[in-house]
Amino acid sequence: MNKNIFLAIVLSTFSVLLAQPDWEYNPGAFEFTAWIAGGVVLRDGEPFAESGVLFAAFDDAGNVRGVAVQVVPGFGPNQGQILYEMTMGSNADGDILSFQYYDASEDAILGISETITFANQSSQGDWFEPVFFNVAVAENYPDWEYNPGAFEF
């Protein structure tokens, strides 16, 4: 293998790994727990998941309340599809948790439209009937397009 190609591959791998957010969940910081037992992230209505991406829950102050792990069921209606399982923590019922998804292919943190109201010992979704989370769509952005031929000098 050419040294330049090898070096480019190594550098791009490290840049992706170093660019990931440092979301870390500390379960010992919370008295209560709740779970997502099966979740699917959708983009434009289609499952949107790649191996190694991050999906996490946050409180309104931006504190990490849970970081999901990826599972791939070997049976059932979602066989072979990446699902997410997450333990979420809180010190009180009623906290509103929001979600973010780190897309490594775009090196972008994407917001999720859905929120969850924390309830101690509650569980959402499973491998057979997962709960769905939709990547938030940027709304109300003008459709600007630069057309240099539209101007006279």
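For this chain, numbers begin at 1 and follow the sequence in order.
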Student: How about CD on E114, more than 12 heavy atoms from neighbouring residues, nucleotides or ligands closer than 6.0 Å, or not?
Tutor: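 Above 12, so yes.
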Student: Can you tell me how the ring of F99 sits relative to the ring of F55, calling it parallel under 30°, perpendicular over 60° and tilted otherwise?
Tutor: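 Correct class here is parallel.
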Student: Say whether F128 and F132 are linked into one hydrophobic cluster, either directly or through other cluster members, by side-chain heavy-atom distances under 4.5 angstrom.
Tutor: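 Same hydrophobic cluster.
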Student: State the CD-OH distance between E50 and Y101, to the nearest 0.5 angstrom.
Tutor: 6.0 Å
Student: Distance only, no hydrogens: is a donor on one side chain within 3.5 Å (strictly under) of an acceptor on the other, for D95 and S90?
Tutor: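 Yes, because at least one side-chain N or O of D95 sits under 3.5 Å from a partner of the opposite role on S90.
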Student: Give me the one residue out of F58, F30, F118 that meets side-chain contact (heavy atoms from CB on, under 4.5 Å) with R65.
Tutor: F30
Student: For residues A68 and M86, report the shortest heavy-atom separation together with the two atoms involved.
Tutor: CB-CE, 3.8 Å
Student: Mind checking the CG-OG1 spacing from N120 to T33? Nearest 0.5 Å is all I need.
Tutor: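 Reported to 0.5 Å precision, the distance equals 6.0 Å.
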Student: Of all the heavy-atom pairs spanning W23 and V67, show the shortest one and how long it is.
Tutor: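 Result for this residue pair: O-CG2, 3.9 Å.
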Student: Please find the pair of heavy atoms, one from S51 and one from Q70, that lie closest to each other, and give the distance.
Tutor: CA-OE1, 3.5 Å
Student: Are the side chain of N26 and the backbone of G28 linked by a donor-acceptor contact shorter than 3.5 Å?
Tutor: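 Judged by distance alone, yes, a pair lies under 3.5 Å.
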Student: Where does the angle between the aromatic ring planes of F75 and W127 fall among parallel (under 30°), tilted (30 to 60°) and perpendicular (over 60°)?
Tutor: tilted
Student: Measure the CE-OG distance between M88 and S122 for me, rounded to the nearest 0.5 Å.
Tutor: 6.0 Å
Student: Mind listing the closest non-hydrogen atom pair of N78 and P130 along with its distance?
Tutor: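 Shortest heavy-atom contact: ND2-CD, 3.5 Å.
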Student: Search all heavy atoms of P21 against all heavy atoms of L54 and return the closest pair with its distance.
Tutor: O-CD1, 3.8 Å
Student: Does the N134 side chain pair with the main chain of S113, one donor and one acceptor, at a distance under 3.5 Å?
Tutor: no
Student: With distance as the sole test, does Q124 use its side chain to make a donor-acceptor pair with the main-chain N or O of A37 at under 3.5 Å?
Tutor: no
Student: Nearest heavy-atom pair of V53 and A104: which atoms, and what distance?
Tutor: CG1-N, 4.1 Å
Student: Quick one: are P73 and Q81 in side-chain contact, heavy atoms under 4.5 Å?
Tutor: no
Student: Is I82 linked to V41 within one hydrophobic cluster, defined over Ile, Leu, Val, Met, Phe, Trp and Tyr using a side-chain heavy-atom separation of less than 4.5 Å?
Tutor: yes
Student: Count the heavy atoms of every other residue, nucleotide or ligand shown that sit under 6.0 Å from CD of E106, and state whether that count exceeds 12.
Tutor: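 Atom CD in E106 is packed in, count exceeds 12.
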Student: Do L83 and V72 have side-chain heavy atoms sitting under 4.5 Å apart?
Tutor: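 Result no, sub-4.5 Å side-chain heavy-atom pair not found.
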Student: So, taking the atom named CZ in F32 and the one named CG in N91, what distance separates them when rounded to the nearest 0.5 Å?
Tutor: 7.5 Å
Student: For the side-chain contact (heavy atoms from CB on, under 4.5 Å) test, which of D126, I36, V71 pairs with E85?
Tutor: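 Checked D126, I36, V71 against E85; only one passes side-chain contact (heavy atoms from CB on, under 4.5 Å): V71.
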Student: Pair F48, D103 - check side chain to side chain contact (heavy atoms under 4.5 Å, CB included), show working.
Tutor: CA-CA 9 Å; F48 181 63; D103 180 5; 3.3 Å; yes
Student: What is the distance from atom CD1 of I96 to atom CG of D59, rounded to the nearest 0.5 Å?
Tutor: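 Rounded to the nearest 0.5 Å, the CD1-CG separation comes to 11.0 Å.
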Student: Honestly curious: do V135 and L42 fall in one hydrophobic cluster under the side-chain, below-4.5 Å linking rule?
Tutor: no
Student: Any luck finding a side-chain donor-acceptor pair between Y102 and Q20 under 3.5 Å?
Tutor: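 No.
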